[in-house]
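In this text the structure is predicted, and so the values were computed from the model without any measurement. Residue numbers start at 1 and run along the sequence shown.
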Amino acid sequence: MAGHLAKECQSLPFLRLQSVAEERAQRQARRAETEKRFEARKAAKFESRKAAWEARQAARPRNETDKWDSDSACTESTAPSAGFVDEVHAAEVESRTSMDKDVRKLAKVLREICKLEECEQLEILQAAKVARKAEVESELESVLGLARARARHELRRERAS
């Protein structure tokens with residue numbers, strides 16, 4: 001195997017031509033140049049795809065999409081009758097909703113948070129509870145919606161039987 005000893009190597013010199021720091025700087029410069037070219041290709045590809053998408057959107061007939069947007073999915077067979085909807089009274093639904101365990105629990109937590117907001121000095125756990133206010137409010141809204149739907153369903157079932 002000729003040419004594989006350091007003194008006989010034809011491709012690399014025995015001693016370094018540059019310092020380690022200079023080699024590192026050259027590698028970093030080459031890498032930066034490569035990344036710059038990659039970003040340029042990526043941006044050009046994005047622009048070409050965006051132009052193609054805009055061309056497709058412009059060529060697409062708008063009357064089809066407008067037709068589907070304006071059509072109603074509700075028919076006579078799926079709409080509840082007006083008399084049946086009137087049978088379920090809002091007051092009864094709200095009273096049953098307010099008796100729901102999850103609704104009462106979240107309403108209590110929200111009341112406690114409102115009381116804590118009025119205080120000037122809060123402990124760590126109290127501050128954490130106040131920080132959860134938005135989360136508790138959104139959870140209360142979703143639980144209220146579920147409780148209302150459940151109450152309406154129970155009332156309809158009671159009246160049907």
Hey, could you give me the CE/CZ distance between M99 and R104, rounded to the nearest 0.5 Å? 9.0 Å

Mind checking side chain to side chain contact (heavy atoms under 4.5 Å, CB included) for E123 and listing every partner two or more places apart, or none if nothing turns up? Q126

Can you check whether K101 reaches K105 side chain to side chain, under 4.5 Å on heavy atoms? no

Rounded to the nearest 0.5 angstrom, the CG-CD distance for L106 and E139 is 5.0 Å

Once you round to the nearest 0.5 Å, how far does CZ of R56 lie from CH2 of W53? 8.5 Å

At what distance, to the nearest 0.5 angstrom, does NZ of K129 lie from CD1 of I124? 15.5 Å

Residue from H153, R152, E154 passing side chain to side chain contact (heavy atoms under 4.5 Å, CB included) with R156: R152

Hey, mind stepping through V20 and R24 against side-chain contact (heavy atoms from CB on, under 4.5 Å) and telling me if it holds? CA-CA 6 Å; V20 176; R24 183 181 311 122; 3.8 Å; yes

Might you work through the side-chain contact (heavy atoms from CB on, under 4.5 Å) test for Q57 and R60, ending with a clear yes or no? CA-CA 5 Å; Q57 292 299 319; R60 196 168 137 199; 3.4 Å; yes

Enter the distance from K36:NZ to E39:CD here, rounded to the nearest 0.5 Å. 12.0 Å

How close do R96 and A151 get, counting heavy atoms only, and between which atoms? CB-CB, 3.7 Å

Let me see the working for K45 and K42 under side-chain contact (heavy atoms from CB on, under 4.5 Å), right down to the final yes or no. CA-CA 5 Å; K45 187 177 182 181; K42 190 170 142 182; 5.7 Å; no

For a side-chain contact (heavy atoms from CB on, under 4.5 Å) check, start with the C-alpha distance between R150 and D100, then their side-chain angles and the critical distance, and finish with the verdict. CA-CA 10 Å; R150 201 176 305 120; D100 188 66; 3.2 Å; yes

Would you say L144 ends up clustered with V136 if hydrophobic residues are merged whenever their side chains have heavy atoms under 4.5 Å apart, either directly or through other cluster members? yes

Is there a path of hydrophobic side-chain contacts, each under 4.5 Å between heavy atoms, that joins V103 and I113? yes

Mind listing the closest non-hydrogen atom pair of T97 and A147 along with its distance? CG2-CB, 3.8 Å

